[in-house]
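Note sheet for the following structure.
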Number of protein chains: 2
Amino acid sequence: MALILPANKILHETLERVAREIPGLDKQSIRTHISIAKFSSDCTGSYEAHFARFGLSQGRFAVLMVLINAGGPMTPANLADAVSVKRATMTGLVDVLKKGGWVETRRNPDDGRSLVIQLTSKGIARIKDLMPDHLDRMSRSLASLTDQEQQDFITLMHKISARVATLSQ
Amino acid sequence: MALILPANKILHETLERVAREIPGLDKQSIRTHISIAKFSSDCTGSYEAHFARFGLSQGRFAVLMVLINAGGPMTPANLADAVSVKRATMTGLVDVLKKGGWVETRRNPDDGRSLVIQLTSKGIARIKDLMPDHLDRMSRSLASLTDQEQQDFITLMHKISARVATLSQ
DNA sequence: TGCCATTGGTTAGGCTCCTTACTATTTCAA
DNA sequence: TTGAAATAGTAAGGAGCCTAACCAATGGCA
């Protein structure tokens, strides 16, 4: 449940202090990053806790969404690409979903190397069951922001993500 | 490196479609949440990748910051509270930091149950060494936002975090 | 003073995701 | 046609964090 960020107050003060010794440094950015780290951790924790109630994780939920969207069977390789995880990880995700009765697999008749994965009717029923609650939580968690504020928020996140991406090459 | 969010586009469309069947539902919030999940994942990945270059992780880095801030030795229990991890987790964090030569431990003379943990001089030197780069990255990753935008961004994150906290009780 | 609840730290095992290294199958090109 | 390269999936092991169950030391209270 990853409480990645810490000691908000203390870290904040410390970083500010260290920063003071480095001339020309941008203190606002430190404050912002501390908030980002805490925010990430809060949101991730909340997603995970929520999904855990259905025996799901973010990764497994994403697989289900992709399958629903596809409207038919998919191979593990396609799923892995769609969900942005490695194939080895997908093996694990599918395995758990299978044990939970969400999906079923069979060999791909067109390619002896691969499988196809498909939602079970039970899986579809359960997804329909949990979606309203899920969507409602999403909505309520943002209820204190106007649509415009959300739009601005998204814009800012995109800006930062793009920048972060270039920093890590 | 947790690529928690997936299939941005696909998920987006799917959720929108599912949402369409649920009357009175707030679609903007879905868009926002998808962006948040991706953003969290991007930032977390970036932090981790950055720290990995020094043999650190977010958790271990946080421990170092707290120790610097304290200016003296601390017990594992205090560190755990300060960093918001469980004590069992702190055992592991300290263990790795010790092996890496960042900190040293000894028994607490005032309480036979506990230890005290302290930065080594080598640890302090290395921190001083890496901080400018670290802070510089923070700064550059936000360079496309004005101070005011960052301030607004923080405000919005706080608003959402507070709400999310109440949703998970 | 002696007992027991509390607190400190560790161990063991779980979960999610990752990387690396492997086998099986298919494809392409010499 | 056949042998090398690419691709599908899996297994093993690692990192980070968690919970639960444990001893060891402490300290309040009868």
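Convention: sequence-line order gives letters A, B, ...; per-chain numbering from 1.
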To the closest 0.5 Å, what do you measure between NE2 (H50(B)) and CD (Q58(B))? 10.5 Å
Distances for protein N or O near nucleotides 3-5 of chain C N or O, under 3.5 Å:
none

Give the rounded distance in Å between these two atoms: NZ of K86(A) and C1' of dT16(C). 16 Å
How many angstroms lie between CG in L145(A) and OG1 in T155(B), if you round to the nearest 0.5 Å? 10.0 Å
Quick one, F153(A) and L142(A) - any side-chain contact, counting heavy atoms below 4.5 Å? no
Atom pair distance, as rounded to whole Å: CD in E48(B) and C1' in dG16(D): 8 Å
Rounded distance (Å) that lies between atom C1' of dT27(C) and atom CG of D110(A): 15 Å
For the hydrophobic clusters of this structure (ILVMFWY residues joined by side-chain heavy atoms under 4.5 Å, transitively), does one cluster hold both I127(B) and V83(B)? yes
Given atom CG of D81(B) and atom P of dG9(C), what is their separation to the nearest angstrom? 10 Å
Angle, rounded to 10°, between the helical axes spanning five pairs at each terminus of the helix from dT1(C)-dA30(D) to dA30(C)-dT1(D)? 10°
Charged N to carboxylate O under 4.0 angstrom, R53(A) versus D133(A)? yes
Any side-chain donor paired with an acceptor under 3.5 Å for T75(B) and N78(B)? yes
Take the protein atom OH of Y47(B) and the nucleotide atom P of dC17(D), then report the distance between them rounded to whole Å. 15 Å
What is the minimum heavy-atom distance between T120(B) and G101(B), and which atoms define it? OG1-O, 2.7 Å
Give the rounded distance in Å between these two atoms: CZ of R53(A) and C1' of dC15(C). 19 Å
Rounded to whole angstrom units, what separation is found between the CZ atom of F51(A) and the P atom of dC15(C)? 18 Å
Determine, for nucleotides 5-13 of chain D in 5'-to-3' order, which nucleotides have protein heavy atoms under 4.0 Å from the base (write B), from only the sugar-phosphate (write S), or from neither (write -). --BSSBB--
Aromatic contact between F61(B) and H134(B), with the criterion being ring centroids under 6.0 Å apart: yes or no? yes
In whole angstrom, give the distance that lies between atom CG of N108(B) and atom P of dA25(D). 13 Å
State, to 0.1 Å, how close R140(B) and R163(A) come at their nearest heavy-atom pair, and which atoms those are. O-NE, 3.1 Å
If we only count heavy atoms from C-beta on, is the Q151(A) to D147(A) side-chain gap below 4.5 Å? no
Taking the side chain as C-beta and beyond, is there a heavy-atom pair between M74(B) and I117(B) under 4.5 Å? no
